[in-house]
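Report on the structure given below.
Protein chains get the first letters and strands the later ones, always in sequence-line order, with residue 1 at the start of each. The shown structure was predicted, so the numbers you read here are calculated from the model rather than taken from an experiment.
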Amino acid sequence: MKREVERMIHEALGGLGLETRVQVDYPRDPRFGDYTTNAAMVMARELRTNPRELAQRMAQALDHPMIEKVEVAGPGFVNLFMKREWWYRGFSRVLREGEAFGDLDLGRGKRVQVEFVSANPTGPLHIGHGRGAAVGDSLARILEKAGYEVEREYYVNDAGRQIRVLGESIWARCMEMGGMEVAFPQDGYRGEYVIQLARRALEEMPQVMDLPKDEAVERLARWGAEEILKAIQSDLEAFGVTFHSWFRERTLYERDLVGEALDRLKEGGFIYEKDGALWFASSRLGDDKDRVVVRANGEPTYLASDIAYHALKADRGFHLLVDVWGADHHGYVPRIKAALEALGYDPEMLQVLLIQMVSLIKGGEKVSMSTRQGEFVPLAELVEEVGKDAVRFIFLTRKGDAHLDFDVDLAKSQTEENPVFYVQYAHARISSIFRTAAERGIPMPQTFHEVDLTPLELGEELGLIKKVLRFPHLIESMARSLEPHRLTYYLQELAAAFHSYYNHYRVLVEDQVLREARLALAKGVQVVVREGLRLLGVDAPHSM
RNA sequence: GCGCCUGUAGCUCAGCAGGAGAGAGCAGCGGACUUCUAAUCCGCUGGUCGGGGGUUCGAGUCCCUCCAGGCGCGCCA
């Protein structure tokens with residue numbers, strides 16, 4: 001709807017012989033109208049004219065049957081007040097479109113890949129991964145809603161040294177269980193899950209310990225990583241997160257894509273040798289220093305496969321690549337961008353979302369998290385205790401680049417005070433209204449979008465309608481900024497407006513015309529609440 | 001030392017490509033259920049937007065600087 005208003009203003013300006021980009025905003029205060037534009041002030045600078053006078057001329061040129069009145073205010077704002085019919089018309093569209101309301105064609109014909117979580121298969125997912133999962137998954141859903149063709153991918157690091165260390169850790173535990181004294185690997189994984197893996201390994205493939213150590217470690221490493229990956233997949237599923245593809249780092253080597261990428265860099269003159277290692281001259285493209293891609297021992301670094309991986313992604317024809325990373329990897333961004341540029345791609349096609357750390361608060365104290373030390377709260381445990389919905393919602397109640405203190409005790413003990421219930425309750429209440437209406441045998445309108453909405457004259461009712469109608473703009477803004485957290489705030493506001501309305505007025509009134517209009521209003525609110533929750537991966541219950 | 005992120009109410013945080021007396025939840029105090037679910041609602045209390053400069057008609061938002069916290073700065077991932 002905002003688009004239409006922009007067009008109106010644009011046309012008005014055209015009539016004045018002015019051409020400019022028009023920015024329309026929603027004013028904070030309803031006294032300043034339904035829409036406002038600062039175009040006069042922006043243009044006044046260029047035209048060296050008085051902004052208020054220009055605003056006056058714009059106001060006079062603005063003429064549309066849906067405009068109630070136009071006011072010039074402050075230093076030169078042009079405020080538009082729309083007729084009620086404007087809002088009723090828009091709301092009827094919500095009722096007609098249902099859950100498709102807010103679908104945009106912003107991304108029409110554009111493919112986007114969102115790569116997220118991508119935790120190494122060396123241990124269970126912890127809460128930090130959960131945050132990345134919540135953000136990545138919601139973002140993917142939002143981009144889909146905005147019309148993009150989205151692919152969700154999980155990059156499985158199944159080829160590095162860390163997998164070997166995992167194998168050594170399991171092997172050491174197996175030996176211990178066999179009563180043998182062995183030194184646990186210095187940087188081994190000490191989590192409880194390794195002991196459980198070792199126990200299962202001995203049950204399922206007891207012969208493995210008869211093999212020479214290297215071979216046994218290799219087998220245990222592969223087997224362990226696969227087992228852990230299965231657990232990760234099921235944890236994510238329980239969290240409501242799915243992927244289209246699980247890309248294995250190992251395939252980059254099997255298809256020799258790493259060598260290929262390095263050759264391409266070499267051809268571009270970005271590779272040189274020093275101290276027996278191969279270096280990527282990333283500093284020529286904005287990085288702080290050059291980086292090793294092949295160690296002196298001939299083993300490629302993690303960066304080498306990551307370059308190959310991103311080159312492959314770029315070749316796959318995506319319009320935009322989104323990587324969701326933990327913020328502790330931020331120093332990595334310039335390297336990957338430099339690599340893309342060196343390979344001839346536009347580095348801007350890659351957008352890296354850095355998700356800041358989640359600090360766990362337990363017993364009032366911060367708990368450090370480390371997969372190696374085995375100190376972490378598994379995501380699955382938290383989901384089980386607090387619930388998928390609450391965990392996902394909380395992870396999305398702040399922007400990704402802010403640290404998140406997750407007080408476990410609080411989340412567990414005060415679930416009633418969680419904002420997610422507040423929003424879900426609004427949805428359940430609306431369902432309850434319709435349930436009650438059915439029980440009482442109150443007839444329902446055949447098609448809600450044909451209901452006469454003009455009885456909705458209350459300020460609260462128009463306020464709800466206007467809030468609902470902002471939903472598409474929110475989708476657009478989130479898709480552009482890649483910031484899904486705004487949705488949680490919008491839903492809380494919408495729920496608050498509804499709860500307040502619910503407490504002051506009744507939907508199921510005697511007057512049929514008014515009742516049907518209010519039922520339609522409730523229906524429309526419910527549609528958007530439900531759709532908003534879906535985008536967050538949160539259930540919308542019909543009763544609570 | 002260099003780089004990135006953060007600093008807004010007692011606490012946890014919003015503030016949408018700078019816009020019009022700075023918001024929410026929680027905590028505190030006081031009210032509202034014979035009604036469509038009180039996991040709700042209504043009211044009150046609470047702020048030098050870390051400090052200082054600058055740009056602008058206009059700055060929580062942009063620039064510079066300082067302070068505080070977090071995270072990086074490996075032939076680890």
Side-chain angles (χ1 to χ4, degrees), chain A residues 23 25-29 31-32 36 38 41-42 44-45 51-52 73-77 79 120 122 157 160-163 165 187 274-279 288-289 291-303 306 326-334 354 356-357 359 371-372 394 397-405 407 410 414-422 424-426 428-437 439-440 442 470 473-474 476-478 480-481 483 485-486 488-490 492-493 495-496 498-509 518-519 522 543-544:
Chain A
Q23 185 183 332
D25 290 315
Y26 294 105
R28 203 174 296 166
D29 191 320
R31 283 189 300 138
F32 300 129
T36 185
N38 59 1
M41 288 180 289
V42 175
R45 198 175 310 173
R52 277 202 66 110
F77 291 102
N79 298 334
N120 290 347
T122 52
N157 290 112
R161 200 180 70 89
Q162 77 283 358
I163 297 294
V165 172
D187 51 0
K274 195 181 90 183
D275 302 332
L278 287 185
W279 296 69
D288 290 343
K289 50 180 114 167
R291 311 288 171 178
V292 172
V293 283
V294 179
R295 301 186 187 104
N297 66 10
E299 212 178 309
T301 60
Y302 179 83
L303 176 63
D306 234 10
D328 52 344
H329 290 65
H330 73 259
Y332 221 72
V333 178
L354 297 169
Q356 285 290 347
M357 298 216 329
S359 301
T371 308
R372 298 228 162 145
I394 289 174
T397 49
R398 51 219 62 183
K399 53 179 183 248
D401 48 14
H403 293 248
L404 171 62
D405 283 346
D407 190 322
L410 202 72
Q414 299 196 346
T415 51
E416 280 85 17
E417 285 165 6
N418 201 299
V420 68
F421 294 107
Y422 184 82
Q424 288 180 315
Y425 188 41
R429 270 185 154 172
I430 294 171
S431 288
S432 169
I433 294 171
F434 283 96
R435 248 192 330 266
T436 304
E439 282 164 14
R440 294 185 187 169
I442 293 170
R470 284 192 193 190
H473 176 245
L474 176 71
E476 174 174 348
S477 139
M478 291 190 297
R480 284 191 196 285
S481 63
E483 290 179 339
H485 75 278
R486 287 191 210 153
T488 58
Y489 289 90
Y490 171 80
Q492 287 180 79
E493 277 173 30
F498 180 77
H499 283 310
S500 176
Y501 176 67
Y502 181 93
N503 271 274
H504 287 98
Y505 306 98
R506 302 187 58 73
V507 173
L508 300 178
V509 292
R518 288 185 171 176
L519 280 167
S543 66
M544 293 177 70

Starting at [atom1] of [X] and ending at [atom2] of [N], how long is that distance when rounded to a whole Å?
X: R398(A); N: C16(B); atom1: CZ; atom2: P; answer: 17 Å
X: L404(A); N: G7(B); atom1: CG; atom2: P; answer: 14 Å
X: Y26(A); N: G18(B); atom1: OH; atom2: P; answer: 17 Å
X: H504(A); N: U35(B); atom1: NE2; atom2: P; answer: 17 Å
X: D25(A); N: A17(B); atom1: CG; atom2: C1'; answer: 10 Å
X: L474(A); N: C16(B); atom1: CG; atom2: P; answer: 13 Å
X: H485(A); N: A24(B); atom1: NE2; atom2: P; answer: 17 Å

Among [options], find the nucleotide with the atom closest to the side chain of [X].
X: S500(A); options: C41(B), C75(B), C36(B); result: C41(B)
X: N79(A); options: A20(B), G74(B), C71(B); result: A20(B)
X: K289(A); options: C73(B), C76(B), U40(B); result: C73(B)
X: Y425(A); options: A20(B), U40(B), C36(B); result: U40(B)
X: Y422(A); options: A20(B), C76(B), U40(B); result: U40(B)
X: N38(A); options: A14(B), G19(B), C5(B); result: G19(B)
X: N503(A); options: C41(B), A77(B), A20(B); result: C41(B)
X: Y489(A); options: A14(B), U35(B), C4(B); result: A14(B)

(request) Taking atom types as modelled, find out whether N79(A) and T36(A) have a side-chain donor-acceptor pair closer than 3.5 angstrom. (result) yes
Given [N], is OP1 or OP2 found less than 4.0 Å from the side-chain N or O atoms of [X]?
X: H499(A); N: A32(B); value: no
X: K399(A); N: C16(B); value: no
X: R28(A); N: A20(B); value: yes

(message) Distance criterion of 3.5 Å, no angle test: do you see the side chain of T36(A) paired donor-to-acceptor with the base of A20(B)?
(response) yes
(request) May I ask you to verify whether the side chain of H329(A) and the base of G72(B) hold a donor-acceptor pair under 3.5 Å? (result) no
(request) Select base, sugar-phosphate, or nothing to describe what R31(A) touches, counting heavy atoms under 4.0 Å on all strands. (result) base
(message) Students often get this wrong, so: under 4.0 angstrom with heavy atoms, is S481(A) touching a base, only sugar-phosphate, or nothing?
(response) nothing
(request) Output all residues satisfying side-chain hydrogen bond (donor to acceptor under 3.5 Å, both in side chains) with H485(A), sequence neighbours left out; order by chain, then residue number. (result) none
(message) Taking side-chain hydrogen bond (donor to acceptor under 3.5 Å, both in side chains) as the definition, give me every residue that meets it alongside R486(A), ordered by chain and number, with sequence neighbours left out.
(response) S477(A), S481(A), E483(A)
(message) Just to be sure I follow the notation: if a pair is Watson-Crick (purine N1 to pyrimidine N3 plus N6-O4 or O6-N4) or a G-U wobble (N1-O2 and O6-N3), each under 3.5 Å, what dot-bracket string does RNA chain B give, with | for pairs to another strand?
(response) (((((((..((((.....[...)))).(((((.......))))).....(((((..]....))))))))))))....
(request) Hey, which sits more toward the 5' end of RNA chain B by its nearest nucleotide, L354(A) or N297(A)? (result) L354(A)
(request) Please figure out whether N157(A) or R486(A) has its closest RNA chain B nucleotide nearer the 5' end. (result) R486(A)
(request) May I ask you to say whether R435(A) pairs ionically with E439(A), meaning some side-chain N is under 4.0 Å from a carboxylate O? (result) no
(request) Indicate the ring-plane relationship of Y502(A) and F498(A), choosing parallel, tilted or perpendicular according to the 30° and 60° boundaries. (result) tilted
(request) Could you check if a side-chain atom of L508(A) sits within less than 4.5 angstrom of a side-chain atom of I433(A), using non-hydrogen atoms only? (result) yes
